[in-house]
Amino acid sequence: MTEAQKTTGRAEGVSHKDMASAIRALSMDGVQAAKSGHPGMPMGMADVATVLFREAMRFDAADPKWANRDRFVLSAGHGSMLLYSLLYLTGYPGMEIGDLKQFRQLGAKTAGHPEYGHAPGIETTTGPLGQGIANAVGMALAERMLNARLGDDIINHHTYVIAGDGCLMEGISHEAISLAGHLGLGKLIVLWDDNSISIDGPTSLSVSDNQVARFAASGWNTISVDGHDPAAISAALAKARGDASKPWLIACKTTIGYGAPTKAGKSSTHGEPLGEEEIKGTREALGWPYPPFEIPEHVLMAWRAVGQHGAKERAEWKQKLDKAGSAAADALAQPAAANKVAIIEKAIADAKAAFAADESKRATRVWSQLALEKLTPVLPELIGGSADLTPSNGTRTKHHTDVHPGDFSGNYIHYGVREHGMAAAMNGMALTGGLIPYGGTFLVFSDYSRPSIRLSALMRQRVIYVMTHDSIGLGEDGPTHQPVEHLSALRAIPHLLVLRPAEGQETAECWEIALKHDANPSLLALSRQAVENLRKTASSENLSAKGAYVVSEPEGGRDVTVIGTGSELALAAEAAKKLAADGIKAAVVSMPSMELFRAQPESYRAGVLGDKPRVAVEAGIAQCWYEWLGGNGRFVGMSDFGASAPAGKLYPHFGITADAVAEAARSLVKK
Ligand SMILES: Cc1ncc(C[n+]2csc(CCOP(=O)(O)OP(=O)(O)O)c2C)c(N)n1
């Protein structure tokens, strides 16, 4: 490559067709070698991807984490070979031809679907259709928010998405499109692979939406192009980049499996290898005489030049960042707030001191809001929000200002009634860097956002879910709104910290835990109803951080251990008093986080749980409790859906009382 080629980024004399053929060949060869995968989509979108990367995407493959790079999200994650081919061709560090040959093998960077963290350049994990486009909305929103804080010189980039028919059929796409349209995220550009094919056959089997009209109705600009005409794709991208008034849909009419002589246009190219014969025919049809996984030098050099397009601009940007000072660099840090531990600890200590002095009985959602009152002013990277339950969730404080279309300087987002879209957008915001998103809804509606919560955990992103109304204790709204199986279901997600504080001190501690665990999402399960403020003094130690701790130990050793969480810890404490009156010595244990407790040394766990019988109380199902109850333990909780009534009536109705806990303990303690 000549110096001129490096700086212009153009390797002369290499045709668009050959550059796109390189993607097609690598994709079909990768799938063939793996004996599984999806060749059709990468082959169909190779022209679009080539123009996008060659002409529009601003990036420097040598620095995949450049904060002001354009983001590329492959929402149609099954087409992962498209992304892997692009990363290899453009020269991302660590993506070698050998990695493409290892497609879908154990330990390979090139997993079946793109996995965040497996290789530089994979901006998010995709595969569950619709998640990518919804992540991208969060990325585009984060871009605008960082732009408002840091200015055009530091953050001002596009977010590009390739989405398929499947992504647009998924319900989450509606929430994402609607939110992006409302906010006017004009630097978001979605390229729709309009190939009219999905797994079962033609999309006409199952969908007749006018997608272009749908996006337009949600406030997007739209344009339709022939996805195999580079000039048309180029013009559409130029137009979209030149007008950031609204987000853009570029509908690209393509042929799935483009180039395959007998299978192009058919669903048989979607998700299986083409086969040796068809691959041979494709090579002939494309005029691509090279053996599998072999990219001729001139084509590779042309692609590598594309990978260096942004090098000069990145270097200039770096100078601007240096000039802007350390505050700007800090504001882009990934993970955000890494250097703010002392600030977080101070705010939490302040909250704990204030809460200890507060005699009031308050709901944990209120303690959470009061903790946020301390945290929000000192953590500008903390971005609040709720899915239209702001007053109920207590997610907004007096230090918040709203994000509005056209004004992204605020720190609070009204996500609307879009729980799934909110969770996916928060993943996109966390992935962008520089921000810590938290968002609220009712715990029962964690089901509506669960696929994205799972991805927060899979990607190890610090997204904080503030989920209130966490049991039958919410009362009159009834069983549709009363979570029963949710705590167990959420605790089943690996790496998700489910935090269920019992009172003021624990609530402040759980916020500290959520903020400090920058490689875990956290979910705070908070009560609607007021709870006893059990801890009257502010400990400097975060007692919740070990997941469970002894609240009270009877003198002379215990006969039984009574474990409670959240609003039911008070029942455990009351039961212990009742038992004491009978001469039964009960230790009371609070267990705000099973995940954190599980991570403690065996000796600590044994000390907390003791070697005597155990009773646990929680207004949810027993499932997750069998891990802690020991062989003969008893559980007091729910075994069916709740009911509509005042909370005070529901607890006795479902047998969740201090008497029931005491009775269970008595039955275990043979005196
Ligand atoms: C949420 C979710 N449901 C189902 C699937 C399984 N799946 C993978 S691809 C696909 C069809 C997608 O069709 P389209 O987007 O048109 O892709 P193309 O056929 O063009 O490759 C399905 C149902 C999935 N990955 N995610």
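Residue numbers run from 1 in the order of the sequence given. Whatever order the structure lists ligands and atoms in, that order sets their numbers, starting from 1.
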Legend entry - Aromatic plane relationship, W220 with F215 - under 30° parallel, 30 to 60° tilted, over 60° perpendicular: perpendicular

Inset, instruction - Among all protein heavy atoms, pick out the one at the shortest distance from atom 18 (P) of ligand 1; state its residue, atom name and that distance to 0.1 Å. - result: H270 ND1, 3.4 Å

Legend entry - SB check K253 D226 (cutoff 4.0 Å): no

Legend entry - Shortest protein contact, atom 20 (O) of ligand 1 (heavy atom only): N195 ND2, 2.6 Å

Inset, instruction - Look at atom NE2 of H174 and say whether more than 12 heavy atoms of other residues, nucleotides or ligands are closer to it than 6.0 Å. - result: no

Inset, instruction - Answer yes or no: is there an ion pair linking R241 with E55, defined by an N-O contact shorter than 4.0 Å? - result: no

Inset, instruction - Tell me which protein heavy atom sits closest to atom 13 (O) of ligand 1, plus the residue, atom name and distance to 0.1 Å. - result: S198 CB, 3.3 Å

Inset, instruction - Specify the protein heavy atom at minimum distance from atom 17 (O) of ligand 1: its residue, its atom name, and the distance to 0.1 Å. - result: H78 NE2, 3.1 Å

Inset, instruction - For ligand 1, indicate whether the residue E170 contacts it via side chain, backbone, both or neither (heavy-atom separation under 4.0 Å). - result: side chain

Inset, instruction - Determine, considering heavy atoms only, which of C167, G79, G166 sits nearest to atom 14 (P) of ligand 1. - result: G166

Inset, instruction - Step through the shown structure and confirm whether more than 12 heavy atoms of other residues, nucleotides or ligands are within 6.0 Å of OH on Y290. - result: yes

Inset, instruction - Say whether, by atom type as modelled, one donor and one acceptor occur between the side chain of Q32 and the main chain of G30 under 3.5 angstrom. - result: no

Legend entry - 4.0 Å protein heavy-atom contact status of atom 22 (C) of ligand 1, strictly under: yes

Inset, instruction - With heavy atoms of G164 as the reference, note each atom of ligand 1 found under 4.0 Å away. - result: 15 (O)

Legend entry - Aromatic ring proximity H113/H78, centre distance under 6.0 Å: no

Legend entry - Interfacing atoms of ligand 1 (cut-off 4.0 Å, heavy-atom, M41): 21 (O)

Inset, instruction - Answer yes or no: is there a donor N or O on one side and an acceptor on the other, between the side chain of D70 and the main chain of H158, under 3.5 Å? - result: yes

Inset, instruction - Find all atoms of ligand 1 within a distance of less than 4.0 Å from any non-hydrogen atom belonging to D165, and give their numbers and elements. - result: 14 (P), 15 (O), 16 (O)

Legend entry - Heavy atom of P128, distance to ligand 1 below 4.0 Å: yes

Inset, instruction - May I ask you to check whether I199 has an N/O atom sitting below 3.5 Å from an N/O atom of ligand 1? - result: no

Inset, instruction - For atom 26 (N) of ligand 1, find the nearest protein heavy atom and state the residue, atom name and distance (0.1 Å precision). - result: L129 N, 3.1 Å

Legend entry - I197 N/O under 3.5 Å from ligand 1 N/O: yes

Inset, instruction - Measure I256 to ligand 1 on non-hydrogen atoms and call it side chain, backbone, both or neither using the 4.0 Å cut-off. - result: side chain

Inset, instruction - Check whether the ring centres of F72 and F59 lie less than 6.0 Å apart, and answer yes or no. - result: no

Legend entry - Approximate separation, where rounding is to 0.5 Å, of T50 OG1 and M19 CE: 6.5 Å

Inset, instruction - Flag G127 as yes when one of its N or O atoms lies below 3.5 Å from any N or O atom of ligand 1, and as no otherwise. - result: yes

